[in-house]
Q: 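Okay, here's the structure, questions in a sec.
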Amino acid sequence: MIIIVMGVSGSGKTTIGKLLADSLDWEFSDADSFHSPENVEKMRCGIPLSEDDRMPWLQDLQTAIKHWLQESKNVVLACSALKDSYRQFLVLDSEHIKLVYLKGSYELIQMRLQERSNHYMSEKLLDSQFYTLEEPLDALCIDVAQPPQIIVQNIRTALEI
């Protein structure tokens, strides 16, 4: 199974994804590591990515997902997947790929981003993240205001894993 933990920057995708993967003894992967240096630099400068910027990133993610499915790997992938079209591109097999949407208020996410250091995704891009976000209708929706361990337990319970 592949679990895509999605949401805006600052929602806790990496934190929750790593905790979830560790609790299941699964592999963890962060979609941020698939970005080109040019994309990272744009985001570091507060410039939102264009669709042209995102397409090679999405293609690389889809290739990795195909590989994981072929090898029957259990993976937790932290990935913004903000648009429905991105999710359709990545969810190649809805039986074996599950979406978990980490949902939080603008204010909570903004506070988290202000407290975060050593990450290229700054508070400057928060408006564009929320503007781009198309909330999924087919995902497990989790409130990120809860403590991380509770979030992980809620995910495991809901997905029966």
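Residue numbers start at 1 and run along the sequence shown.
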Q: Kindly write out the residues that satisfy ring pair (Phe, Tyr, Trp, His ring centres under 6.0 Å) with W57, not counting sequence neighbours, or none if the list is empty.
A: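 Result, ring pair (Phe, Tyr, Trp, His ring centres under 6.0 Å) vs W57: H35.
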Q: For a 4.5 angstrom cut-off between non-hydrogen side-chain atoms, does L77 reach F28?
A: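 With C-beta onward as the side chain, the pair stays apart.
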Q: Hey, any chance F130 and L102 share a hydrophobic cluster, counting ILVMFWY side chains that come within less than 4.5 Å of each other, even indirectly?
A: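 They do share one cluster, since a chain of ILVMFWY contacts under 4.5 Å joins F130 to L102.
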Q: How many angstroms lie between CD1 in I16 and CD1 in I151, if you round to the nearest 0.5 Å?
A: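 Here the rounded value is 4.0 Å.
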Q: Kindly write out the residues that satisfy salt bridge (charged side-chain N to carboxylate O under 4.0 Å, His left out) with K18, not counting sequence neighbours, or none if the list is empty.
A: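 For K18, no residue satisfies salt bridge (charged side-chain N to carboxylate O under 4.0 Å, His left out) once neighbours in sequence are set aside.
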Q: Side-chain contact, heavy-atom cut-off 4.5 Å: P136 with D84?
A: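 No. Closest side-chain heavy atoms not under 4.5 Å.
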Q: Judged by atom type as modelled, is there a donor-acceptor pair below 3.5 Å linking the side chain of S11 to the main-chain atoms of V8?
A: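 Flag set: sc S11 to bb V8 pair under 3.5 Å.
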Q: What pairs meet the side chain to side chain donor-acceptor pair (under 3.5 Å) rule with one or both residues in residues 71-82, with sequence neighbours excluded?
A: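 Counting only pairs at least two positions apart or across chains, the side chain to side chain donor-acceptor pair (under 3.5 Å) contacts touching residues 71-82 are E27-K73, H67-E71.
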Q: With clusters defined by side-chain heavy atoms of hydrophobic residues (ILVMFWY) lying less than 4.5 Å apart, directly or transitively, does Y106 cluster with L108?
A: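 Per the 4.5 Å side-chain linkage, L108 and Y106 are co-clustered.
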Q: Quick one: does D22's side chain have a donor or acceptor within less than 3.5 Å of a partner on L19's backbone?
A: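 Not confirmed, D22 side chain does not pair with L19 backbone.
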Q: Does any N or O in the side chain of Q62 come within less than 3.5 Å of the main-chain N or O of L90, such that one atom is a donor and the other an acceptor?
A: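 Flag not set: sc Q62 to bb L90 has no pair under 3.5 Å.
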Q: Any side-chain heavy-atom pair from Y131 and P48 closer than 4.5 angstrom?
A: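 Of all side-chain heavy-atom pairs linking P48 with Y131, none is under 4.5 Å.
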Q: Taking only residues at least two apart or on different chains, which pairs with a member in residues 135-146 satisfy side chain to side chain donor-acceptor pair (under 3.5 Å)?
A: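 Every pair satisfying side chain to side chain donor-acceptor pair (under 3.5 Å) with a residue in residues 135-146: Y101-E135, K103-E135, Q146-N154.
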Q: Once you round to the nearest 0.5 Å, how far does CG of L61 lie from NZ of K66?
A: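 Going from the CG atom of L61 to the NZ atom of K66 covers 12.5 Å.
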Q: Flag yes if I150 and I155 sit in one hydrophobic cluster, no otherwise; membership is Ile, Leu, Val, Met, Phe, Trp, Tyr, and two members link when side-chain heavy atoms are under 4.5 Å apart.
A: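 No; tracing contacts between hydrophobic side chains, which count when under 4.5 Å, never links both residues.
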Q: Are V144 and I109 side-chain neighbours, meaning at least one heavy-atom pair lies under 4.5 Å?
A: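 Contact flag for V144/I109 side chains = yes.
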Q: Could you check whether any side-chain N or O of T132 sits under 3.5 Å from a backbone N or O of Q129, counting only pairs where one atom can act as donor and the other as acceptor?
A: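 It does not hold such a pair.
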Q: Does K98 have any salt bridge (charged side-chain N to carboxylate O under 4.0 Å, His left out) partners at least two apart in sequence or in another chain, and if so, which?
A: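 With neighbours one apart ignored, the set is empty.
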Q: In Å and rounded to the nearest 0.5 Å, what is the CG to CG distance from L58 to D60?
A: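 Between L58 CG and D60 CG, I get 9.0 Å after rounding to 0.5 Å.
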Q: Should T63 and Q59 be marked as a side chain to side chain donor-acceptor pair (under 3.5 Å) after you check the CA-CA gap, both sets of side-chain angles, and the distance that decides it?
A: CA-CA 6 Å; T63 299; Q59 289 170 334; over 6 Å; no
Q: To the nearest 0.5 Å, tell me how far M6 CE sits from I142 CD1.
A: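 If I round to the nearest 0.5 Å, the distance is 12.5 Å.
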Q: So how far is it from L49 CG to N39 CG, rounded to the nearest 0.5 Å?
A: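 The CG atom of L49 sits 4.5 Å away from the CG atom of N39.
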Q: Once you round to the nearest 0.5 Å, how far does CD1 of I97 lie from CH2 of W68?
A: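 Going from CD1 on I97 over to CH2 on W68, the span is 9.5 Å.
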Q: Only counting residues at least two apart or in another chain, list the ones meeting side chain to side chain contact (heavy atoms under 4.5 Å, CB included) with I161.
A: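 With sequence neighbours excluded, I161 shows a side chain to side chain contact (heavy atoms under 4.5 Å, CB included) to M1, I3, L24, W26, R156, L159, given in chain and number order.
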Q: Do D53 and S50 have side-chain atoms, one donor and one acceptor, less than 3.5 Å apart?
A: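 Checked: D53/S50 side chains pair up, N/O donor to acceptor below 3.5 Å.
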Q: Would you please test R87 and E134 for side-chain contact (heavy atoms from CB on, under 4.5 Å) and show each step?
A: CA-CA 10 Å; R87 294 187 295 271; E134 296 171 1; 4.2 Å; yes
Q: Could you pull out the closest heavy-atom pair between G17 and V5, with the gap in Å?
A: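 Taking G17 first and V5 second, the nearest heavy atoms are CA-CG2, 4.4 Å.
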